[in-house]
Each structure stands twice: as C-alpha cells, then as structure tokens.
Amino acid sequence: MTEIARPFTDVFPPVAAALAEGRPVVALESTIVTHGMPFPQNARMAARVEAIIREEGAVPATIAVVDGRLKVGLSDAELEALAQAGGAMKLSRADLAFAIAEGRTGGTTVAATMIAAAAAGIGVFATGGIGGVHKGAETSFDISADLDELARTPVIVVCAGAKAILDIEKTLEVLETRGVPVVGYGTDVMPAFWSSRSPFAAPLRLDSAAAIARFQKTRAALGVTGGMLVANPVPAAAEIPEAEMAGHIQTAQREAVDRRVTGKAVTPFLLARILELTGGRSLETNIALVENNARLAARIAAALA
Ligand code: PSU
Ligand code: MN
C-alpha cells in the first residue's frame with residue numbers, strides 16, 4: 001500500500017504476504033456484492049469466485065470500505081457480513097474517500113476498486129461487467145466513471161464485456177478516445193455480458209494470458225499509463241442470446257426513465273429489474289461469467305508475477 005494510504009487501509013494478511021513475495025494477487029470489486037446481486041446469491045458468488053482464484057494458485061483480494069476502513073482483502077466472515085450489510089454505499093472515484101473519512105461502509109465499483117488495487121500494488125482485477133455509456137447518454141450525459149478510471153489507472157480489468165443496458169458502440173468509442181486498449185480474449189467480437197457476442201468488433205484480440213501480460217508490460221515500458229480492458233466471453237453453456245434479452249432491457253430502461261431514476265441508482269435499478277423480468281435466469285448467467293473472469297484474471301496475474 002502506498003505510504004500515505006496506510007493509516008486507513010487494512011491489507012488482509014494473506015494478501016500482504018503474497019504481495020511482499022511477488023506472488024499473484026487478483027483484486028475483486030464489491031459493488032457487485034452490495035448492489036449487483038441479491039442475498040444470498042451474492043454471498044455464494046463472492047465466496048466461490050475467491051475459491052476459483054485460489055484454485056488457480058493466486059490470492060483473491062476483495063476490496064470494500066467497512067466502517068471507514070479501506071479493506072484490501074476480506075476474511076470469509078467479513079465478506080459474508082458485507083453481502084448482508086444494509087445501507088451500504090456504492091463507491092466510485094468521487095466518494096471512495098468520503099466513505100473512509102465519514103466511517104461508512106460501501107461496495108467499491110470498478111473505478112474505486114482500480115484505485116485501491118493500484119495503491120496496493122495489485123495489477124489485475126476481475127469483475128462481471130464494467131460501467132459505460134448508457135443508452136440515451138446524448139440527453140442524460142450518463143457515462144460511468146469506470147471509463148475515465150480505465151484511462152488513468154494501471155490495472156488490467158477482466159470483464160465479460162459491457163451489458164446491453166449500455167450503449168456498447170458508444171462505450172467502445174469513449175474507450176478508444178481515452179486510449180484504453182480493449183482486448184477480446186480468444187474472440188474477434190465484443191462480448192455483451194449475458195451473450196457471448198455483440199454486433200461490434202473487439203478492437204484487439206489476444207489468445208493467452210501470457211500475451212495479455214506481455215502487452216501490459218510493453219505498455220508500461222513505453223510509459224503508456226492507464227488500464228486495459230479484457231473482454232472475456234461468457235461460456236456458451238451459460239449464455240442468454242441477445243435477442244432474448246433485448247425486450248427485458250427495453251422494459252427496464254423505460255421504467256427507469258418513467259421513474260426518473262438518475263445518477264448512481266441507474267445501474268442497480270436496471271440490474272434488479274432485469275433479474276425480475278428474466279425470472280432469475282440473468283443471475284445464473286451473471287454468476288457463471290464472473291467465475292469465468294476470475295479464472296482468467298488469476299492466470300494473467302500468474303503470467304505477470
Ligand atoms: N455491471 C454489472 N454488475 C455490476 C456493475 C456493473 O453487471 O454490479 C457495477 C460495477 O461495480 C460497476 C458499476 O463499476 O456498477 C458501474 O456503475 P455506474 O454505471 O453507476 O458507474
Ligand atoms: Mn452513471
């Protein structure tokens with residue numbers, strides 16, 4: 001952990017030991033736990049994802065703010081408690097420090113998790129989907145802080161693409177403008193979270209964890225700062241075809257506009273409605289793709305170590 005962040009940070013001992021010895025560590029976000037999935041599935045998912053990372057020989061570090069402490073790695077009991085915490089904040093770059101200063105508890109988004117991971121010296125992070133440019137952003141201006149964070153903070157983020165609740169094409173355009181490499185893992189097309197394919201090309205393609213590690217090391221050597229987005233398609237057995245999701249997404253979207261849901265409430269609202277509209281099926285897919293991303297992230301971390 002950077003010296004100045006140390007007084008309010010708790011690095012979980014197994015994470016601290018792995019970092020000190022140069023062994024692979026994978027960061028995990030916690031907004032997916034506090035706002036992305038209901039209890040108890042969120043708790044089960046979080047524990048299973050950590051287990052997968054350990055199976056792959058890496059150490060998981062779930063990042064969160066608990067009672068004002070920035071946690072880099074949680075014990076099983078702390079993770080279970082966070083999964084049931086009422087009133088947790090959803091923390092991004094704007095309010096990560098607020099929660100720490102005010103002694104609050106919150107899940108960290110992709111942006112806030114990247115900040116904490118980089119400060120702790122963790123270079124790889126697994127999640128489900130990133131935030132991006134929302135549909136209708138031309139009037140709402142709703143563009144996730146995740147995209148700016150990817151541009152500035154040197155962490156590899158492994159995701160299953162951008163959700164179809166976002167405008168994938170505009171999300172890719174913003175990432176290109178901000179100089180963020182988007183790498184399709186073993187695919188030429190951008191995956192779309194619940195579906196393995198979107199109508200859009202993946203800007204770059206790599207087929208191994210070693211190649212991804214080499215690319216990031218080369219960027220660093222050239223002084224090219226910032227993160228990288230790895231888009232890992234959901235396993236075929238778990239996917240829901242895009243056409244099937246389109247109607248549900250449209251319904252949830254319309255409700256969000258009608259109810260004037262804005263700001264950071266938008267993504268959790270859409271996720272919860274889509275879960276209801278698919279009768280829980282979207283959640284199964286969500287869990288499968290996070291597990292798949294955790295496995296790849298552990299292999300990238302091993303290749304970087
Ligand atoms: N996408 C998901 N599940 C999630 C999120 C995104 O499939 O839980 C969360 C992530 O933490 C992401 C955040 O960083 O939502 C983006 O929120 P916003 O759009 O408000 O920036
Ligand atoms: Mn937003």
Side-chain angles (χ1 to χ4, degrees), residues 27-39 41-42 45-46 49 62-65 82-83 88-96 106-117 125-151 153 155 157-168 170-171 174-175 180 191-195 227 229 231-232 234 238 240 245 248-249 252-253 256-257 260-275 278 282-294:
L28 295 163
E29 66 148 304
S30 49
T31 291
I32 192 172
V33 175
T34 56
H35 293 74
M37 290 181 191
F39 181 82
Q41 289 93 337
N42 60 349
M45 179 278 305
V49 162
T62 299
I63 288 170
V65 177
L82 185 70
M89 293 178 77
K90 174 183 162 187
L91 303 172
S92 189
R93 171 171 278 271
D95 42 21
L96 176 64
T108 49
T109 59
V110 168
T113 305
M114 288 180 77
I115 292 169
F125 157 28
T127 182
I130 58 156
V133 181
H134 275 265
K135 291 197 165 107
E138 56 275 26
T139 52
S140 70
F141 278 45
D142 190 350
I143 301 175
S144 176
D146 291 354
L147 301 186
D148 259 19
E149 206 59 51
L150 279 160
T153 303
V155 174
V157 178
V158 181
C159 71
K163 282 210 163 132
I165 58 173
L166 300 172
D167 187 321
I168 298 175
K170 289 193 181 74
T171 300
V174 170
L175 288 167
V180 179
F193 200 82
W194 297 291
S195 327
L229 189 64
N232 186 27
V234 62
I240 306 178
M245 290 305 298
H248 299 317
I249 291 165
Q253 209 89 49
V257 173
R260 296 194 166 73
V261 180
T262 57
K264 59 172 66 205
V266 173
T267 298
F269 175 85
L270 293 174
L271 294 180
R273 278 304 284 141
I274 287 166
L275 175 70
T278 61
S282 66
L283 183 56
E284 309 272 309
T285 303
N286 198 342
I287 291 170
L289 64 85
V290 179
E291 293 178 359
N292 191 46
N293 294 341

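In each ligand, atom 1 is the first atom listed, and ligand 1 is the first ligand listed.
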* Asked: From D146 CG over to T153 OG1, what is the distance, rounded to the nearest 0.5 angstrom?
  -> 11.0 Å
* Asked: Just how far is it from atom NZ of K135 to atom CD1 of I165, taken to the nearest 0.5 Å?
  -> 8.5 Å
Ligand-residue contact atoms, ligand 1 with [X], heavy atoms, under 4.0 Å:
X	value
F193	7 (O)
H134	19 (O)
G36	8 (O)
E29	10 (C), 11 (O)

What protein heavy atom sits nearest [atom], and how far away is it?
atom	result
atom 9 (C) of ligand 1	T31 CG2, 4.0 Å
atom 20 (O) of ligand 1	K90 NZ, 2.7 Å
atom 21 (O) of ligand 1	S144 OG, 2.6 Å
atom 8 (O) of ligand 1	I32 CA, 3.5 Å
atom 1 (N) of ligand 1	G129 O, 3.2 Å

Taking all non-hydrogen atoms of both residues, which atom of [X] and which atom of [Y] are closest, and how far apart?
X	Y	value
A160	L289	CB-CD1, 3.6 Å
F125	V110	CE2-O, 3.6 Å
T113	S30	OG1-N, 4.4 Å
M114	E149	CE-O, 3.8 Å

Would [X] count as being in polar contact with ligand 1, using the rule that some N or O on each side must be under 3.5 angstrom apart?
X	result
K264	no
A111	no
T108	no

* **Residue selection (non-hydrogen contact nearest atom 12 (C) of ligand 1) among D146, L271, L166** => D146
Taking heavy atoms and a distance under 4.0 Å, where does [X] meet ligand 1: side chain, backbone, both or neither?
X	result
K163	side chain
T267	side chain
M37	neither

Donor-acceptor pair, [X] side chain versus [Y] backbone, under 3.5 Å?
X	Y	value
S195	I240	yes
T34	A88	no
N293	T127	yes

* Structure fact -> Checking distances from the Mn ion (ligand 2), one finds that the N, O or S atom of D142 closest to it is OD1
* Asked: Under 4.0 Å between a Lys/Arg side-chain N and an Asp/Glu carboxylate O for K264 and D95?
  -> yes
* From the options I274, T171, N286, select the one residue that forms a side chain to side chain contact (heavy atoms under 4.5 Å, CB included) with K163. => N286
